[in-house]
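Accompanying notes for the structure given below.
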Amino acid sequence: MATLSQWVAGSRPRTLPNSIVPVAVGTGVAIGYGHFVWWRALLALVVAMLLQIGVNYANDYSDGIRGTDEVRVGPMRLVGSKVAPPKQVLAAAFGCFALAAVAGLVLAAVTTWWLVLIGAVAIAAAWFYTGGSRPYGYRALGELSVFVFFGLVSVVGTAYVQLESLPWAAWVASVPVGLLSCSMLVVNNLRDIPTDAKSGKRTLAVLLGDWRTRVLYSGCFVAAFLCVLVVAVSRPWAMITLLSALWAIAPNAKVLRGAKGPALIAVLGETGRLQIIFGALFTLGLAL
């Protein structure tokens, strides 16, 4: 039986900024338009976090039963390290998806039932990332999925459930958020290029190769900050987000200087810290 600390580690808490930041930014958009609804924002956060944890457990299960995680440099996997039976990890994944669906149904009931369809697509995307017979995460589509669901869908969806409209600011603000979410996956897959290539997992990093993947990581940062400048044309306070660039220097330098293996685990944490600081400042700038 896995211990509680092992289950927590298996949920990959360092990836949680991917779910927290989009909801915060979407809420910042809603505040800026004068329609903050705290309980709807809270439910949106519950949905996002449960989907994030659910997809992490689902990946743990699917990669584990395929043998992809038998040799790892990164954080512990529950199935791959054999500390938890696959069925338990699978149950944890679908339990998270079910709870996310319940919270999503509440939001759909008070806004629009179209959210049910969007939620179903999000859960399907979470499962088939590494699940099923033809997982799209093994076909270099992981970054695209992250950009869509932890950028566009999360930010715009959070703004919508509070505003019940789709303002342009939500769409534009979702782009840099999605790019920083992608940067987390890019550095994670950069670390795993040797083992993924050996196991037949064709991530975007495997296809691009080591150096191009490092350039892509840096490019996500640059593009995200350029998007902030676009938002600042009509929301000048968004400029304060550029202060977070100070926290982009260290991880970017490590990646471009060739950090490998365990060194990239630290970069993953630094990328998450950048996401949180960027998200906090961006939320504030959009709300003012």
Side-chain angles (χ1 to χ4, degrees), residues 15-56 94-127 129 144-182 184 224 227-228 230-231 234-235 237-238 241 275-276 278-288:
T15 67
L16 288 180
N18 280 352
S19 56
I20 297 170
V21 170
V23 174
V25 171
T27 299
V29 172
I31 294 172
Y33 281 94
H35 291 281
F36 172 55
V37 184
W38 69 269
W39 64 270
R40 295 187 184 186
L42 181 60
L43 277 178
L45 180 62
V46 169
V47 170
M49 291 186 68
L50 284 172
L51 286 177
Q52 175 74 69
I53 295 171
V55 75
N56 287 344
F94 278 97
C96 290
F97 293 154
L99 291 173
V102 171
L105 282 172
V106 175
L107 288 173
V110 297
T111 53
T112 174
W113 289 107
W114 280 104
L115 289 181
V116 175
L117 176 60
I118 295 172
V121 172
I123 291 174
W127 171 250
Y129 175 60
L144 176 61
S145 177
V146 166
F147 180 80
V148 170
F149 291 102
F150 290 101
L152 299 178
V153 173
S154 293
V155 174
V156 176
T158 299
Y160 177 80
V161 296
Q162 297 176 73
L163 296 170
E164 296 192 39
S165 63
L166 298 171
W168 71 269
W171 293 101
V172 178
S174 70
V175 176
V177 173
L179 287 168
L180 287 185
S181 292
C182 283
M184 291 282 282
C227 287
V228 170
V230 174
V231 174
S234 62
R235 299 290 182 91
W237 277 105
T241 311
Q275 269 189 294
I276 291 172
F278 181 100
L281 292 174
F282 199 29
T283 298
L284 179 61
L286 290 167
L288 290 174

query: Does anything in residues 147-159 pair up under salt bridge (Lys or Arg N to Asp or Glu O under 4.0 Å), and if so which pairs, sequence neighbours excluded?
result: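 The answer is none; no pair qualifies.
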
field: Listed partners of Arg40 passing salt bridge (Lys or Arg N to Asp or Glu O under 4.0 Å), at least two apart
entry: Glu164

Among [options], side-chain contact (heavy atoms from CB on, under 4.5 Å) partner for [X]:
X      : options                       : value
Ser181 : Asn18, Thr15, Val21           : Asn18
Phe149 : Leu51, Val55, Val121          : Val121
Val25  : Thr158, Ile20, Leu286, Thr241 : Leu286

For the student: nearest non-hydrogen atoms of [X] and [Y], plus distance:
X      : Y      : value
Ile31  : Ala287 : CG2-CB, 3.6 Å
Phe278 : Pro176 : CZ-CB, 3.8 Å
Leu50  : Leu99  : CD1-CB, 3.5 Å
Val172 : Val230 : CG1-CG1, 4.4 Å
Ala159 : Ala170 : CB-CB, 3.9 Å
Thr283 : Gly279 : OG1-O, 2.6 Å

Measure the spacing between [atom1] of [X] and [atom2] of [Y] and express it to the nearest 0.5 Å.
X      : Y      : atom1 : atom2 : answer
Phe36  : Leu163 : CZ    : CG    : 11.5 Å
Leu107 : Leu43  : CG    : CG    : 4.5 Å
Leu16  : Gln52  : CG    : CD    : 6.0 Å
Tyr33  : Ser165 : OH    : OG    : 7.5 Å

task: Give the C-alpha distance, both sets of side-chain angles, the deciding distance and a yes or no for side-chain contact (heavy atoms from CB on, under 4.5 Å) between Leu179 and Val175.
output: CA-CA 6 Å; Leu179 287 168; Val175 176; 4.1 Å; yes

message: If you count heavy atoms of other groups shown closer than 6.0 angstrom to CH2 of Trp171, is the number above 12?
response: no

- request: Apply side-chain contact (heavy atoms from CB on, under 4.5 Å) to the pair Leu180 and Met184, showing each step before the final yes or no.
  value: CA-CA 7 Å; Leu180 287 185; Met184 291 282 282; over 6 Å; no

task: Could you name each residue pair satisfying ring-ring contact (aromatic ring centres under 6.0 Å, His included) that touches residues 97-117, not counting sequence neighbours?
output: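 Applying ring-ring contact (aromatic ring centres under 6.0 Å, His included) to every pair that reaches into residues 97-117, excluding sequence neighbours, yields Phe94-Phe97.
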
task: Check whether any side-chain N or O of Gln162 sits under 3.5 Å from a backbone N or O of Val37 as a donor-acceptor pair, and report yes or no.
output: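 Side chain of Gln162 to backbone of Val37: a pair is present.
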
Test item: Val29 and Pro167 side chains (from C-beta on) under 4.5 Å apart, heavy atoms: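 The answer is yes, as the side chains (C-beta and beyond) meet within the 4.5 Å cut-off.
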
